[in-house]
Structures are given as C-alpha cells and as structure tokens.
There are 2 protein chains.
Amino acid sequence: MDTRSEARPAGARRLPRSLSVADELRAAVIAGEFGPGERLQEVRLSKRLGVSRTPVRLALQALAADGLLEHAPRRGYSVRRFDATEILNAFEIRAALEGLAARFAAERGLEEAARARLEAILAEGDALLSRGELPEGSRPAYIRMNAAFHEALHGASGSRMLGEMLRLSQNLPLSSHHHVVAFEYRRVRRRHDDHHRILEAVLRRDARRAENLMCDHVASIKAGLTGVAGP
Amino acid sequence: MDTRSEARPAGARRLPRSLSVADELRAAVIAGEFGPGERLQEVRLSKRLGVSRTPVRLALQALAADGLLEHAPRRGYSVRRFDATEILNAFEIRAALEGLAARFAAERGLEEAARARLEAILAEGDALLSRGELPEGSRPAYIRMNAAFHEALHGASGSRMLGEMLRLSQNLPLSSHHHVVAFEYRRVRRRHDDHHRILEAVLRRDARRAENLMCDHVASIKAGLTGVAGP
DNA sequence: GCCGGCGATATTGCATACAATCCTCCCCTC
DNA sequence: GAGGGGAGGATTGTATGCAATATCGCCGGC
C-alpha cells in the first residue's frame, strides 16, 4: 500500500500551483474573458482562483513574457491590445517560423518515432475528411489533428527556441480580432493535402521544398482568415 | 533645482527592484558567469544581490521565459545548455526574423524620425570605418552602432512581437559557444555596406529586396562566426 | 562490497504582513 | 465655478515565516 496515499488525497498535484494558475489565466485571456486593455488585479484574481497573490503574480509575469499582458511598474498588468495589423503580422511571422521548422526537420531527417506519429496524424485527418465533408461535430477533432501535426513538426525541427517562438506566435487573444479560419470542405481538404506534401518533402529531405510548402501553407491560412479587416 | 532630490537620496530608483535584478542576472548569465547547467539558488542570489528571495524569484522566472534558464518543479532553475547546433539554428532563426523586420519596415515605410535615426547611425559607422581600419579601441563603439542599427529597424518594423522574438534570438549565453564575430576590416566594411544597401532598399519601399538583403546579411554573419564547431 | 531504506538538511512553493506608491475624491482657495 | 493640494483608500513591491519536498549522506542487510 502506498504510504503517501493519505498525503495526496484527491488532486494528487505534483506541479506547482503557479503553473496551473498560469495555464488557467492564459486560457482565459486567449478566450477573451478579459476585454482588451482590462486590468488584471492580483487580489481579485487571488480570490477568484482561491490562491494567494504569490502564484498569481508569477502567472501574470509569465503571461506578460508571452506577450499577452502588458506590465507597467506600480500599475500592474493589463490585457494587451492587438490591432488587425498585429494579427496579420503574427501570421507572417508564423509562416516564416513554420517554414524554418519544416526546413530544419528536413535537414535533420525524421526519427522513426516522429515519422510514425506524423503519418498517424495524417491518417487520422484522411479518415476525418474521407466522407467528402467535415461535419460540425468533427471540427474539434480536426482542429486537434491539425494542431498535433504542426506541433509534431515543431518537435522534429530539433530547435527548442523555434518551438517556443512558434508557441508565442499563436498566443493571441481571440477577443481582439475574432479571427476565424474557414471550414469549407474544399479549403480544409486543400490544407490537409498541403500537410501530405509537406511531410513528403520532409521525408525526402528536400529542405527547400519543405520550407516553401510550409510557408505557403501558413500564408494561405492567413489569406483564408475571416473577420480581420475583411472586405 | 529638483525638489525631489531629498526624497530620492541616492539610488533614485523608480523601477521595481525585480527588473534591475533580472537585468543584472541576465547580463551575468549571458556573460557566462554561471557555467552551463549550473543551478541558480534563490537564497544564494538573494545574498549576492542584497535583496530578498521574492524579486530574485521573479527575475529567475523572467530569465526562464527568455529561454536562458530551465526550470524543474521543486528543483529550481539552472542555466540552459546550448550546443553548437542550437547556436547555429538561432542564427537561422534570427536571419528569418531580421529579414521579416526589414520587409515590414519597407512595406510600412519609414517615418521621418526613423529615417533620420538610421541615417545618423550609418553616418557614425562611416566615420568609424573611414580610416580604412577598425582599431581595437573603436570596437565597442562599432558594436553599439551595429546593435543600434538593427534595433532601430526592429522598431521600424512596427511589430512588437517580432521585436520581442528578435530579442530572444540574441539571448544566448556566451559560455556555451564562445561565438565571436570576425573583426577584420574587410568583413566589417562589408557588413556595414550591407546596412547601407538594406536601408536604401527600405527607403525605396522594395520589401522583397530589403528582406533578401537582410537575410543574407545575417547569414553572412553566421558564416563568419568563429569558435562554433569550426574546422 | 554493493544495494536499499531512512533520516537530517537544504531548497523550493506558498501564504501573509508590511512598506511604498498611485489613484480618487473631497475640500479649500482663488 | 475652476483649479490645486491633500487625505484616504487601493494596489503593487518586498520581506519573511511556514510547510512540503528533494537531495545527500549514513546505516543496516544481503
């Protein structure tokens, strides 16, 4: 019998609370629960989250480092405002970084585990799209699959710095732009086919092609955005 | 006379100590004062810096967010190890980001103040190099001028996210690579001429050319590095 | 002689108290 | 009535105490 079972009754938390607080706050900010420019006060958040100011303060600083919050000395933290230009720039940045990740992955070559994972992800996407449509209910699964593909490729790039920057480039509060990617079948199908081509190029060690394909891929996502200074 | 001179006797600090602590620690880590993998303990640093653990803790987290430190729960912070590959990758990343910054600046166009500042910086560089050599004593001035040029262009890009990522891409502890840029007059002259061409392209609003020139510029810096897995 | 459990010590994580500063609003003066 | 100054409250920055946990050396058993 585990003698420590009484010491960890239910939650069995092994991670510092400041990390979960940071995750919770990050999700809330990205979800747009705090309007642009809204101040985040330590005491209020402490009460809301049921912890003291200390972990809240750490979490706020982490979010500021992620670019989601602004910090003014003696004035605390507030939600950063993003205008349409910054959103579009972020996609340009992401395009360049994703292209770089694909290039690095192609130059390094994929380990067997990474190759298997990427192929499994693509197979899952194939299945989701095999019926010639993407029903509303399958969107969450598709979104997860899509994110998993990109994340797996980030990992395969072998550059931690690049992965971290890619994470930053996608940390944008939805409230300030309402960007929504298009989910028409044709567009989704096209994007998934892009993924197939990209993986193929990576497997062939064709770094230049992998980079260009990925760059164009993200650029096309940007072009397909709706709600950002649209006509 | 400053009426507040008595209220702020000596230090005249208006910024939180945690910020200066972070700057000090960052400089120390980048300067390589803490060998790769070395643990940074809160109490030790508190005593060394003469502050309590609280600001030290904040500073450590900030440095971890910058990618300079690693953090393991219940085990604290330690200096990240960078191998030669990560260093070289960082230059590739920086090349892509600097290229993007030049492109953004060209697309937006420079405001009068930015144009004047960049031209002043280049003029300073011209003066430093006008004698056909770069004496040892002028290197610090040249290094500052060079950094100022890039920073001014980052600002002119109009993307805060990009500027932040560029900062991250240059946050590397020297101890783990000993990268040293070449200071032979011919190379320095060439790099300075690159800057002239880049500014010219930006002023002409030739975004594509500006991006390519900048990208090649940084790539040539990478190629000129000494001490990173060199032959 | 080597491995595994165990306890002392050191270190981090969190909570809270205190200090410094800023913001707000009221009152006083012109 | 408008503007400036000041008092009070609110909020952040810092210090410190306590609890939980990891590290490391020691001892016993095999």
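All values below were derived from every heavy atom in this structure, side-chain atoms included, with hydrogens, water molecules and symmetry-related copies excluded. Each chain gets a letter, A, B and so on, in the order the sequences are listed, and its residues count up from 1.
No side-chain donor-acceptor contact under 3.5 Å links A:Asp66 to the backbone of A:Leu68. Within the 3.5 Å criterion, the main-chain N or O of A:Ala120 finds no donor-acceptor partner in the side chain of A:Glu124.
Summarising the geometry, the separation between CZ on A:Arg75 and C1' on D:dT11 is reported as 11 Å, rounded to the nearest angstrom. Spacing between atom CG of A:Leu58 and atom C1' of D:dT12 amounts to 14 Å, rounded to whole angstrom units. Between B:Tyr77 atom OH and D:dA22 atom C1' the separation is 16 Å, expressed in whole Å. In this structure, the CZ atom of B:Arg74 is 12 Å from the C1' atom of C:dA10, given to the nearest Å.
Counting heavy atoms from C-beta on, the side chains of B:Val218 and B:Met214 come closer than 4.5 Å. Side chains of B:Leu63 and B:Tyr77 form no contact here, defined as non-hydrogen atoms less than 4.5 Å apart. With contacts defined as side-chain heavy-atom distances shorter than 4.5 Å, the pair A:Leu110/A:Leu203 qualifies. A heavy-atom distance below 4.5 Å is not found between the side chains of B:Pro36 and B:Phe82. The shortest side-chain heavy-atom distance between B:His195 and B:Asn146 falls under the 4.5 Å cut-off. Residues B:Glu151 and B:Arg167 have side chains not in contact (no heavy-atom distance under 4.5 Å, counting atoms from C-beta outward).
Nearest heavy-atom pair across A:Pro173 and A:Val29 is CB-O, 3.6 Å.
In the region residues 39-56 of chain A, proximity to DNA chain C at under 4.0 angstrom, judged on heavy atoms, holds for A:Val51, A:Ser52, A:Arg53, A:Thr54, A:Pro55. At a non-hydrogen distance threshold of 4.0 Å, B:His71 from residues 60-71 of chain B come into contact with DNA chain C.
In the helix from C:dG1-D:dC30 to C:dC30-D:dG1, the terminal helix axes, each the rotation mapping four pairs' C1' atoms onto the next four within five end pairs, subtend 10°, rounded to 10°.
Counting non-hydrogen atoms under 4.0 angstrom, B:Arg57 reaches a base of the nucleic acid.
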message: Test ring pair (Phe, Tyr, Trp, His ring centres under 6.0 Å) on B:His217 and B:His192; report intermediate values, then the result.
response: CA-CA 10 Å; B:His217 173 65; B:His192 189 61; 9.9 Å; no
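Remark: the B:Arg17 side chain and the D:dT14 base include no donor-acceptor N/O pair separated by less than 3.5 Å.
Residues A:His154 and A:Glu98 have side chains that bring a donor and an acceptor to within less than 3.5 angstrom of each other.
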